[in-house]
Each structure stands twice: as structure tokens, then as C-alpha cells.
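Notes to accompany the following structure.
Chain A is the first sequence line, chain B the second, and so forth, proteins listed ahead of strands; every chain is numbered from 1.
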2 protein chains.
Amino acid sequence: MSIRKVAARAGVSTATVSRVFTQPQAVADETRRRVMTAAEELHYAPHPAASALARGRTCNLGIVVPDVSNSFSAVVTKAVDRQARREGYALFVAGSDEVVHDEETSARALAQQVDGLLLVSPRMPDDALLALADMTPIVMLNRLLDGIPAVLTNLYEATGHAVEHLHALGHRTVVYLAGPDGYANDVRLRGFRDACSRLGMEASELGPFAARFQAGVRAADLVLAASVTAVVAYNDEIAVGVVNRLSDRGIGVPADISVVGFDDTELAEMVTPRLTTVRIPAAMAGTAAVELLLDLVRGRDAGLGSPRELSAELVVRSSTGPARVARDTGQDPAP
Amino acid sequence: MSIRKVAARAGVSTATVSRVFTQPQAVADETRRRVMTAAEELHYAPHPAASALARGRTCNLGIVVPDVSNSFSAVVTKAVDRQARREGYALFVAGSDEVVHDEETSARALAQQVDGLLLVSPRMPDDALLALADMTPIVMLNRLLDGIPAVLTNLYEATGHAVEHLHALGHRTVVYLAGPDGYANDVRLRGFRDACSRLGMEASELGPFAARFQAGVRAADLVLAASVTAVVAYNDEIAVGVVNRLSDRGIGVPADISVVGFDDTELAEMVTPRLTTVRIPAAMAGTAAVELLLDLVRGRDAGLGSPRELSAELVVRSSTGPARVARDTGQDPAP
DNA sequence: ACTGTGACTGTAAACGCTTGCAGACTGTGT
DNA sequence: ACACAGTCTGCAAGCGTTTACAGTCACAGT
């Protein structure tokens with residue numbers, strides 16, 4: 001099943017067989033047909049490792065995500081997988097479980113055997129990123145660092161819209177539930193703070209929380225203790241956790257407290273009440289990131305200028321509503 | 001940055017350098033240290049493709065799932081990724097988007113460059129599977145085929161428990177919402193039918209539906225038209241879709257209709273009412289599958305006997321309740 | 001002194017493919 | 001007839017590792 005057998009059977013040299021599979025137009029029709037049938041008869045398929053060794057490229061891409069089973073990551077991964085396959089690349093996936101050390105290790109390991117690497121919300125230090133970028137082309141999602149191409153979403157503005165939305169509904173005290181430290185959290189936080197101060201709202205912050213449902217459940221009680229009427233959560237999962245726990249404690253959403261999430265994962269439409277959330281075009285970001293990455297891989301030095309920005313937007317659903325008229329000020333708003 | 005440079009710098013042969021990285025104990029301490037420092041100074045890292053070519057194994061595993069962003073698949077993938085990494089393997093992921101042809105293509109493509117392949121709920125024909133198994137070791141999740149090792153969950157029994165549960169609550173008419181054709185659906189269906197006939201319940205079936213939320217939404221109206229008091233859905237996503245749409249139409253769950261899902265994804269705890277569902281130990285299945293696969297890869301001919309069975313169990317939550325006393329029989333049970 | 005053993009290292013031939021270079025042809029223009 | 005270009009093919013040298021085999025050496029046993 002090596003190229004030699006095929007060559008022998010077709011009565012040509014190995015070079016010709018190789019060319020049939022890599023630059024078919026460089027081979028005469030007749031010869032190509034002979035080679036093809038020989039290859040089929042022998043069930044020949046080129047050996048990727050040998051090819052990678054000889055050409056110096058693997059036709060593989062890699063992606064490192066914080067959590068494989070997180071809905072947002074999963075959607076990105078799916079889009080990346082699609083796009084990569086469409087372009088003839090296979091995809092390595094590695095999850096870091098939010099552990100910075102694992103993230104770096106995985107990334108370095110993959111870097112050896114891919115033509116390019118995609119890092120989703122990487123949390124490793126800047127110099128580690130730069131070192132990685134020296135090994136292989138990389139593109140980041142949701143992280144900004146000079147010299148490394150990235151795909152970002154302009155959450156700043158959309159976060160402002162979320163706060164404005166709450167303000168318009170009469171809310172004056174609002175808390176932000178922080179997610180894991182990093183660019184993604186920073187930009188939300190900036191948007192939140194700036195909008196709150198611009199609108200004269202009383203802003204507070206809690207966290208950081210893990211970007212998961214259970215962390216949201218835990219956060220809910222802290223939220224209640226903070227006597228606010230509105231919550232902006234780092235992502236939908238936390239938001240849903242908050243909503244659930246509040247309901248369990250008899251607090252109505254949005255009757256008593258309004259909740260806003262981020263990501264607009266499928267979840268947002270599945271829960272009760274449906275979640276008001278800032279939509280991040282995850283699939284589009286994945287696709288764009290692959291395209292950027294392949295531009296790099298293929299030598300087009302695109303995107304090294306300013307990072308590609310996608311627009312996020314507030315999706316208003318049912319988890320936000322008019323602020324409750326403050327009666328028992330300073331008290332628990334429980335029924 | 002090749003092994004030769006390191007060898008030169010450390011004053012040894014390439015063979016020794018190679019041994020330092022693959023069988024350290026075969027090299028004298030002093031020599032090993034010299035090689036290691038030389039390697040570090042040169043930032044040397046072994047070239048996976050070259051190694052793969054020379055040894056005939058890649059130290060990569062692959063997984064093909066129906067849908068990367070489906071919660072169940074994602075959990076399996078995550079577990080597989082963990083376990084694979086722990087064992088020193090990197091992981092390829094490919095999603096088939098439920099398209100049989102893509103599934104086969106992806107699987108074949110990956111087969112070339114992995115030491116073993118994991119197929120989650122594969123839907124390709126038997127002979128395609130056998131052909132694949134000829135190319136590389138494979139292990140399947142949720143599919144049964146003689147001669148190919150697999151990890152299964154004994155849903156049959158647990159499905160029976162779900163039906164019994166509904167029966168005990170007074171339900172007498174129940175509909176099963178089928179998912180995509182295949183082993184996974186078959187075993188649920190068998191469990192459902194057998195239990196219904198055993199308990200003398202009136203069983204009907206609808207579908208097949210795609211294993212997604214929106215399909216569940218669509219299914220809900222069909223369910224209503226079927227005048228049943230209980231629904232068993234192929235998976236949690238469909239179940240949640242049903243619940244949501246029923247609520248929108250003013251039908252109470254479980255007051256008017258009870259709903260059971262499958263998988264016990266995180267979703268089940270996040271929605272209102274919390275979903276009664278058959279728990280499938282996805283993470284455990286992923287881990288077990290990797291272990292089985294690595295046994296094969298390493299030549300231990302384990303598991304070729306009977307497939308490994310994991311146990312599923314019914315988790316009762318709030319989406320199932322006493323059947324409504326039939327008053328307006330044959331009518332829409334809408335309020 | 002000699003043989004045997006074990007521990008360590010080097011030599012060199014793979015592994016399967018790609019590709020620069022050159023040779024063999026065919027056809028065209030002069 | 002000849003030069004020239006163009007098209008197709010083969011030769012052979014890599015690509016960076018691994019590993020059987022053989023060689024060297026120190027040391028123990030006789």
C-alpha cells in the first residue's frame with residue numbers, strides 16, 4: 001500500500017504517482033488514469049505522515065478551547081471543524097478545562113503537528129502566546145495582543161446597550177457577575193462600568209465565577225444579599241443558574257429582578273423565562289478565524305493589522321422587565 | 001532544530017538523542033543530561049510526523065460525532081479528550097452533522113492519521129464500518145456490530161423504568177418521539193414498546209425528528225393532536241422543545257402532559273420544570289471507550305468479546321406528574 | 001590472560017512521500 | 001535540417017526519526 005507498489009503496478013515511477021495525487025494536471029491523462037486504477041485496485045491512500053514530513057506541512061489545524069462541553073466553545077468548534085474540513089484540513093481539538101498550565105501544554109503539543117492553531121479565549125500569559133506564535137501561525141478568539149491576529153466581538157458597545165436597556169426599564173442598581181479573568185471578562189466589565197457611570201446607575205460587581213450553571217446558582221444568593229434589581233452575568237450559563245436559584249427562592253424573574261446573559265447560546269431560548277442576552281456570533285467567529293488562519297498559513301499576511309471585529313447585539317427576551325417600584329427599600333425583595 | 005543538530009551539540013549520535021526521548025533509561029545518566037541541555041538550548045522538540053513515519057504510529061486518536069455542538073456529544077468528546085491526553089494522545093475531532101456520507105468520509109480521512117478511531121452513534125452501513133475497522137482499530141459508542149468493540153448503555157431497561165414511572169402516575173396513553181434512525185433510537189423504541197405492551201398502555205410513535213430543540217418545538221403540536229397524556233422523547237433537547245411549545249400553547253407540564261427525556265444533559269436541570277430523564281453516563285462512556293480503544297491499539301485484544309455495557313437510570317424530576325383525570329376526552333386538553 | 005556479560009553508543013538502513021533537475025519526446029517556426 | 005519551446009516522465013536526494021545490529025568498554029568469573 002505504498003506509493004512504490006502503485007508505481008510498479010501502473011508501470012511508472014513513484015514521482016509520477018505522487019504527482020497524480022498532488023498536481024494531477026502535471027500528468028498526462030492516459031498516465032493519470034493508469035495510476036488511478038492501479039491505486040484503486042490496491043486500495044492505496046497516501047500516507048499523511050510521510051507527506052507531512054516531505055512537504056513540511058501537515059494539512060491539520062488545531063483548536064484549543066477552555067471547555068469542550070461549554071455551549072459557546074462547542075458552537076465555535078463546530079464552525080471551525082466545518083470550515084477546516086471544507087478547506088481540506090483536519091482538526092485537532094484540545095480542552096484546557098480553564099487550567100492555564102494545561103492550556104499552554106496542549107497548545108505547544110498541538111503546535112508541533114499542525115499548520116496553524118486557533119486559541120479560544122486563551123488565558124496564558126502574553127509571552128507564552130508570543131512564544132507559541134513563533135512555533136506556528138496562530139489566531140486568537142477573544143483576546144487582544146499586539147502582533148497576533150485575532151477575531152474579536154465588539155462587546156463593549158453591546159454591553160452598553162444592555163445597561164441602557166435596564167436603565168430604560170427603570171433599574172438603578174445593577175450588579176455584574178464576573179467570569180474567569182481575561183480579555184472576555186475585561187471588555188464586558190469595561191462596557192458595564194462605563195455605561196453605568198454614564199447613566200448614573202449604581203454599579204457593583206461580584207465574582208469571579210466559573211462560567212457555568214452551578215456557579216450561577218451560587219451567585220444568585222450573593223445577588224440577593226446585594227439588593228439590586230438587575231443582574232448582568234458573564235454568560236448565559238451563569239445567568240440561567242441565577243434565574244433558577246432565584247425562582248427556587250421565590251424571587252420572580254423579571255418581576256423582582258431582571259437578568260441579562262451573554263452569548264445567546266441555544267440555552268437562552270430554552271429556559272423560562274427566555275433569556276435577554278448579548279448575542280455573540282460564535283459560528284461566524286469560528287469561520288472567520290479559520291479563514292484568517294489559512295490566510296496566514298498560505299502566506300498571505302492578512303489580518304496582522306487590526307483584529308477582525310464582529311458585531312454583537314443585545315437580544316431582548318423575557319428575563320428583563322420593568323424595575324419593581326421600590327417600596328421596602330433596603331429590605332429583601334422577597335415576597 | 002532537528003535531532004542532528006542536537007546530536008552534534010551534545011557530541012553524540014542521532015540514535016542516542018532519539019533514545020533519550022523515547023527510552024531514557026537506555027542512556028547513561030551523564031549522556032542523557034548532556035543531550036537534554038543541548039536540546040533545551042536549541043529549543044528542540046521531536047518532529048511528530050517524522051516519528052510517526054518511522055515508528056508506524058502517530059500517537060493520535062480520532063473521534064467522529066454526529067454533532068459537535070450537541071450537548072451529549074460534547075460531554076463525550078470532553079471526556080475522550082481528557083483521557084486521551086492523559087494517555088499521551090492528541091485528539092482529532094470531526095462532526096458529521098448527521099450526514100452519513102460526511103461521516104464516512106471524515107472517518108476514512110482520520111483513519112489514515114490516527115492509531116485508533118472512536119465512532120459515536122455511527123450511522124454508516126455495516127460494511128463501511130467493517131472496512132474502516134480494517135484500516136485502523138475502532139471502537140463504537142451506541143452501535144452494535146459483530147466484530148467491532150463497542151461501549152453501550154443498557155437503555156432498554158431504563159426506558160422500561162420510564163414507562164413504568166408514567167404508568168404508576170396514571171398515564172395510559174403515551175407517545176414516543178423518535179430521533180434519527182439508528183441503534184440509539186432502536187433500543188429506546190424497543191424498550192418503549194415492550195414496556196407499554198407489558199403494562200397495557202396505549203403506545204404511539206411520531207417522528208423521526210432531528211435530535212434538536214427546534215424539532216421538539218415542532219413535535220409538540222403533533223403531540224397535542226395525538227391526545228396523549230405523556231411523552232417520551234428521544235433526547236433532552238427534543239423534550240425541552242416539546243415542553244416549551246406546550247407551555248406557549250398554555251398546556252401545563254406536568255399538569256396536563258408529562259414529558260420524559262434522555263441523556264440527562266446539563267439542560268435537564270436548567271429548564272422549568274426540571275426534566276425527568278434517563279441518565280446516560282456520557283463522560284464515563286467516553287473514558288471507557290478510550291480505554292478500550294487503547295487496549296486494542298496496544299495489542300491487548302480486549303473487548304472483542306461482548307461489548308462493554310454501562311447502566312442508565314431514570315432520574316425523576318418535575319416534568320412528570322400524575323395524569324390528569326380524563327374529563328373532556330378526545331378534546332384538546334387546553335385550559 | 002581469557003571469556004562472558006551487561007551497559008552503553010554508533011552506523012546505517014529504513015519509513016513513504018515530494019520535488020529540483022534533467023532527459024526524452026513532440027511539435028513548431030525558420 | 002535545426003533550434004527552441006513545451007510537455008511529460010524518471011532519477012535521486014532529501015524530509016526527521018527509529019531501531020536492528022554491531023561494536024566498544026569495563027568488569028566479574030575462572
Side-chain angles (χ1 to χ4, degrees), chain A residues 1-39 42-60 88 90 109 111-115 135-136 298, chain B residues 1-39 42-60 88 90 109 111-115 135-136 297-299:
Chain A
M1 38 22 166
S2 90
I3 211 177
R4 258 187 286 269
K5 303 254 176 70
V6 179
R9 182 169 245 261
V12 298
S13 74
T14 62
T16 299
V17 177
S18 174
R19 279 190 277 257
V20 165
F21 284 93
T22 55
Q23 8 175 358
Q25 78 294 352
V27 173
D29 284 9
E30 157 64 8
T31 315
R32 174 150 24 92
R33 269 192 293 274
R34 274 220 316 286
V35 171
M36 288 304 261
T37 62
L42 281 96
H43 296 297
Y44 166 80
H47 190 304
S51 167
L53 181 56
R55 305 162 65 133
R57 51 208 184 78
T58 59
C59 287
N60 289 148
Q112 309 284 129
Q113 45 186 337
V114 299
D115 293 343
M135 309 180 54
T136 189
R298 291 165 179 159
Chain B
M1 44 12 174
S2 91
I3 211 175
R4 257 186 284 270
K5 302 254 175 70
V6 179
R9 182 169 244 261
V12 297
S13 75
T14 63
T16 300
V17 178
S18 174
R19 277 191 278 258
V20 165
F21 284 92
T22 54
Q23 9 175 359
Q25 78 295 349
V27 173
D29 285 9
E30 157 64 9
T31 315
R32 173 150 26 90
R33 268 192 294 273
R34 271 217 321 283
V35 170
M36 288 302 261
T37 62
L42 292 154
H43 295 296
Y44 167 80
H47 189 305
S51 167
L53 180 57
R55 305 161 66 133
R57 51 209 184 77
T58 59
C59 288
N60 290 147
Q112 309 284 131
Q113 45 186 339
V114 299
D115 293 343
M135 309 180 54
T136 188
V297 170
R298 291 166 178 157

Over all strands shown, is B:A7 touching base, sugar-phosphate only, or nothing at heavy-atom distances under 4.0 angstrom? nothing
CD of A:Q112 versus C1' of D:dT17: gap in Å, rounded? 14 Å
For A:Q113 and B:A90 the tightest heavy-atom approach is NE2-CB, 3.9 Å
Which whole-number value in Å describes the distance from B:Q23 CD to D:dT17 P? 16 Å
Toward the 5' end of DNA chain C, by each residue's nearest nucleotide, A:Y44 or B:V12: B:V12
So A:S18, base contact, sugar-phosphate only, or nothing? Heavy-atom distance under 4.0 Å. base
From CG of B:L53 across to C1' of D:dT18 the rounded distance in Å is 10 Å
Whole-Å distance separating the CZ atom of B:F21 from the C1' atom of D:dT18: 14 Å
Does any non-hydrogen side-chain atom of A:H43 lie less than 4.5 Å from one of B:M135? no
Side-chain contact, heavy-atom cut-off 4.5 Å: A:S18 with A:T22? yes
Roughly how far, to the nearest 0.5 Å, is CG of B:L53 from NE2 of B:H47? 10.5 Å
By nearest-nucleotide position on DNA chain D, the 5'-leaning member of A:A54 and B:S51 is A:A54
At a 4.0 Å cut-off to heavy atoms of chain B, the contacted part of DNA chain C spans C:dC8 to C:dG16
Can you confirm whether B:V12 sits close enough to B:V17 that some side-chain heavy atom of one is under 4.5 Å from a side-chain heavy atom of the other? yes
Expressed in angstrom and rounded to an integer, what is the separation of B:R4 atom CZ from D:dT18 atom C1'? 13 Å
Taken to the nearest whole Å, CZ/B:R55 to P/D:dT17 is 12 Å
Picking from D:dG10, D:dG16, D:dC15, which would you name as closest to the side chain of A:A15? D:dG10
Looking for any heavy atom pair under 4.0 Å, which part of the strands does A:V17 touch: base, sugar-phosphate only, or nothing? nothing
From CZ of A:R19 over to C1' of D:dT7, roughly how many Å is that when rounded to an integer? 12 Å
Listing, residues 25-36 of chain B side-chain donor-acceptor contacts under 3.5 Å, not counting sequence neighbours, or none:
from: B:D29; atom 1: OD1; to: B:R32; atom 2: NH2; distance (Å): 2.7
from: B:R32; atom 1: NE; to: B:P24; atom 2: O; distance (Å): 3.2
from: B:R32; atom 1: NH2; to: B:V27; atom 2: O; distance (Å): 3.4
from: B:R34; atom 1: NE; to: B:A10; atom 2: O; distance (Å): 3.0
from: B:R34; atom 1: NH2; to: B:A10; atom 2: O; distance (Å): 3.3

Nearest heavy-atom contact between B:Y44 and B:S2 is CE1-C, 3.8 Å
